[in-house]
Number of protein chains: 2
Amino acid sequence: MTEIPKRQVTLDEVAERAGVSRSAASRVINNAPHVSKAKREAVRRAVLDLGYVPNATARALATQQVGAVVLAISSDNPQAFADPFFAEVVVGISAVLEETELELMLLLATSARGQTRLEQLLRTRQTDGVMLMSMHGDDPLAALADKAEVPVVFGGCPVTFEPRYYVDADNRGGARLATEHLVTLGRTRIATITGRMDEGAGTARYKGYQEALAVAGLDAGRVAHGDFSEAGGSRAMAELLAGHPDLDAVFVASDQMAIGALRVLKDAGRSVPDDVAIVGFNDVISARHTEPPLTTVRQPIQSLGREMARMLLGLIAGETPTPLILPTRLIKRSST
Amino acid sequence: MTEIPKRQVTLDEVAERAGVSRSAASRVINNAPHVSKAKREAVRRAVLDLGYVPNATARALATQQVGAVVLAISSDNPQAFADPFFAEVVVGISAVLEETELELMLLLATSARGQTRLEQLLRTRQTDGVMLMSMHGDDPLAALADKAEVPVVFGGCPVTFEPRYYVDADNRGGARLATEHLVTLGRTRIATITGRMDEGAGTARYKGYQEALAVAGLDAGRVAHGDFSEAGGSRAMAELLAGHPDLDAVFVASDQMAIGALRVLKDAGRSVPDDVAIVGFNDVISARHTEPPLTTVRQPIQSLGREMARMLLGLIAGETPTPLILPTRLIKRSST
DNA sequence: AAGAAAACTGGGAGCGCTTCCAGCGACCAT
DNA sequence: ATGGTCGCTGGAAGCGCTCCCAGTTTTCTT
């Protein structure tokens, strides 16, 4: 910190300046035992004087630990990460990693190239661990990841199998909550717009909807499939209106789709919530600003990130964590 | 790819299997010249058979190149990254880095710890380059970064100085566009809600507003300062309403704030756009879903990321790029 | 066909760090 | 005194790769 050195200061220089061996210097850097107080202090001073910072690469090579974990988004859609959802996940992860010596690497595995990269990561310990969010159904990498020798925790549960380690939001429970709310309101012809059915969140929310209606003894036959996008929501709503004009409520599996649905409803002259009540999922920021403001299910996104990171840390430390399901809760606004 | 090796396959093993020296094997991996066709082929086969993947750490140590660049967000607000803005920047960056051997590291330098980390990065070539988005006014790291020996490109221009290398959106031009639009509409008592005045975007947009009004010969005295947040926008709007009840339009320096302002206006019984016209900035997704939908200035966020990455690549390659200002454009919707 | 140039080849010295190990005094109990 | 423990200490061997260099082979001139 005293001067800006042109060349990297090495441990040898520190050792020399402190008048000790490199081994000793290394020990005090990593505060390991077997160094006398005097030398320890001498090294400390040398470090400060020289502004020494250990070379992470060399250390990684020697210890066989990379000092970095990666957040990988495996998706067939290059724009997937643009979803504000991930920004929040990252905030959560980052908060946990902050207390650690670990760096965070970001891998948007959306192209063939990115997928290859991810595969290498999974096969060849080039990272200390990976947090994987797999965004399409039959992702071969997801299966690979679950048996990789590298620690892997999943964010969200894939449809095809249940990974050993994952954290997810209680999608099914949230959907049930939302649907029950609609039932409580006295609605009886409750439809749903599902998300992508090749994603865990899509199927789980659909399941929750079905369960709630089964319990209430109501017909769960009014369904249209969307893809989590606004446009998909519009399309599905139109389809629903055409097929089941009698509907008086709809549980929409994402706010994004709900926004699309809202527009279609408005154009069709159905008033919300009087003619049809709408509840969404996620509680994105814009959900507060729709007309009318959207009743929705909130999931703790930052916590999701935080818990993923924590679980990964545990895995790296040799623990055997159990999957974690985070609670969701209903946020009531004016669309119901 | 043939089998999952427990231990990392090394170059030596490849060399041995191919019956060549390690040097030769290295040459074919990095496809350098001076290897006979036969050996080259033998090595290729060995690589495939063994599923060899070079150890990035070892390579980094030998070449003195890390193989990774970092995107650093320096901010006093831990939640800063939760802004969907960054998610899009990352998509842009990632798209460029994809064609490269470089990894992307993410550093949310929001705590003291993170700041230290960033400083080390800047001082000690632990990365091949950094893209820095500095989100608060008197950030000492920003100044340091601009003279660091590590390649650094700024995303957005700080208020206090103009970095050597940066890419920014044309905030001033966009603000002028927005304000001129209001003028064209025949509004004459045009107010503004500014962003944080310790951020480049905040001052530049304010400047654009002033310029447009100066050209039109209109009074630019109706101003309230916000902080880019929704709550700040509400507060500022209330202040404006109290101090300048005659206003008939307001240029708001962010959509987020505009949303807050909209609510206050509604509560005050002023109709938008009839009584007062509003234009925002950024064109976030929710801008389309406000009541009424928001006229706003769109900046090409993904391009911002893309160009930052490209500029950094240039810098790393030894070029001397010039700062880049990305165009903004007006998106007309119903709030004006 | 002889000599020079060009292409190949593998040995070996690092890159900066960790960590094992053998050597040493100091210190205690016998 | 004597043998044994124990905390320090620095030498040295890697971690897996790149790259210089000196030596060997091939190819091309004239």
Side-chain angles (χ1 to χ4, degrees), chain A residues 5-44 46-47 50-68 101 120-121 123-128, chain B residues 5-44 46-47 50-68 101 103 120 123-128:
Chain A
K6 221 59 216 153
R7 220 177 130 285
Q8 155 107 279
V9 179
T10 74
L11 189 54
D12 279 304
E13 301 176 48
V14 171
E16 185 179 4
R17 176 159 186 137
V20 304
S21 72
R22 179 163 25 130
S23 324
S26 174
R27 278 183 215 113
V28 4
I29 300 297
N30 300 294
N31 43 49
H34 303 308
V35 181
S36 66
K37 228 171 179 61
K39 303 217 166 196
R40 201 172 282 275
E41 196 43 46
V43 172
R44 289 236 167 84
V47 166
L50 264 29
Y52 171 73
V53 175
N55 180 318
T57 305
R59 180 177 286 187
L61 186 58
T63 59
Q64 301 289 70
Q65 304 205 335
V66 183
E101 296 288 81
Q120 291 186 352
L121 237 42
R123 290 184 183 281
T124 69
R125 315 205 51 85
Q126 304 265 8
T127 173
D128 291 333
Chain B
K6 223 56 214 154
R7 220 176 130 286
Q8 156 104 281
V9 178
T10 73
L11 189 54
D12 279 303
E13 300 174 49
V14 171
E16 184 179 6
R17 175 158 185 137
V20 304
S21 72
R22 176 160 30 120
S23 323
S26 174
R27 279 183 215 113
V28 3
I29 300 297
N30 300 294
N31 43 51
H34 303 306
V35 181
S36 67
K37 223 163 181 65
K39 302 216 165 194
R40 200 172 283 274
E41 196 42 46
V43 172
R44 289 237 168 83
V47 165
L50 264 29
Y52 170 74
V53 176
N55 180 318
T57 305
R59 179 177 286 185
L61 187 57
T63 58
Q64 300 288 71
Q65 305 204 334
V66 184
E101 296 288 82
E103 305 293 326
Q120 290 185 353
R123 289 185 183 281
T124 67
R125 319 205 48 87
Q126 304 264 9
T127 173
D128 292 333

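These numbers come from a predicted model, not from an experiment. What's counted below: heavy atoms across the whole structure, side chains too, no hydrogens, waters or symmetry copies. The sequence lines fix the lettering, A, B, ..., with proteins before strands; numbering per chain opens at 1.
Listed for the Gln8(A) side chain is no donor-acceptor partner under 3.5 Å among the backbone atoms of Gln126(B). Of the possible polar contacts, none joining the Thr57(B) side chain to the Thr57(A) backbone as a donor-acceptor pair under 3.5 Å is found.
Contact annotation: Ser36(A) reaches the phosphate of dT9(D) (side-chain N/O to OP1 or OP2, under 4.0 Å). Under 4.0 angstrom from either OP1 or OP2 of dG16(C) there lies no side-chain N or O belonging to Thr10(A). Side-chain N/O atoms of Ser21(A) include one lying less than 4.0 angstrom from OP1 or OP2 on dG10(D). Between Asn55(B) and dC15(D), a side-chain N or O to OP1/OP2 separation shorter than 4.0 Å is absent. Contact annotation: Gln64(B) side-chain N/O to dT18(D) OP1/OP2 distance is not under 4.0 Å. At dG10(C), one or more side-chain N or O atoms of Lys39(B) fall inside 4.0 Å of OP1 or OP2 (strictly under the cut-off).
Note: CD (Gln8(A)) to C1' (dC15(C)) measures 10 Å, nearest angstrom. Rounding to whole angstrom units, CG of residue Leu11(B) and P of dC15(D) are separated by 14 Å. Here dT19(C) presents its C1' atom at 10 Å from CG of Asn30(A), a figure rounded to the nearest Å. Rounded to whole Å, the distance from CG on Asp12(A) to C1' on dG14(C) is 12 Å. The distance from atom NE2 of His34(A) to atom C1' of dG23(C) is 15 Å, rounded to the nearest whole Å. For Arg22(A) and dT18(C), the CZ to P distance is 10 Å, given to the nearest whole Å. The nearest whole Å value for the distance from the CD atom in Glu101(A) to the C1' atom in dT18(C) is 16 Å. Rounded to whole angstrom, the span from the CD atom of Glu13(A) across to the P atom of dC15(C) amounts to 11 Å.
Within 4.0 Å (heavy atoms only), Pro33(B) reaches no atom of the nucleic acid at all. Residue-level contact check: Ser26(A) touches the bases, meaning some heavy atom is under 4.0 Å from a base atom. As judged by a 4.0 angstrom heavy-atom cut-off over every strand, Ser23(B) is placed among the base-contacting residues.
Between the side chain of Arg27(B) and the base of dT18(D) there is no donor-acceptor pair of N/O atoms closer than 3.5 Å. The base of dG16(C) has none of its N or O atoms less than 3.5 Å from a complementary donor or acceptor on the side chain of Thr57(A).
For the pair Ala58(A) and Ala24(A), nearest-nucleotide mapping onto DNA chain D gives the more 5' position to Ala24(A).
Closest to the side chain of Ala62(A), out of dT18(D), dT18(C), dG10(C), is dT18(C).
Looking at every heavy atom in both residues, Arg125(A) comes nearest to Val66(A) through O-CG2, 4.1 Å. Here the closest non-hydrogen pair linking Val14(B) and Ala46(B) is O-CB, 3.7 Å.
Around the CD atom of Glu41(B), the shell of radius 6.0 Å holds more than 12 heavy atoms that belong to other residues, nucleotides or ligands. Remark: Glu16(B) CD is loosely packed, at most 12 non-hydrogen atoms of other residues, nucleotides or ligands lying under 6.0 Å away.
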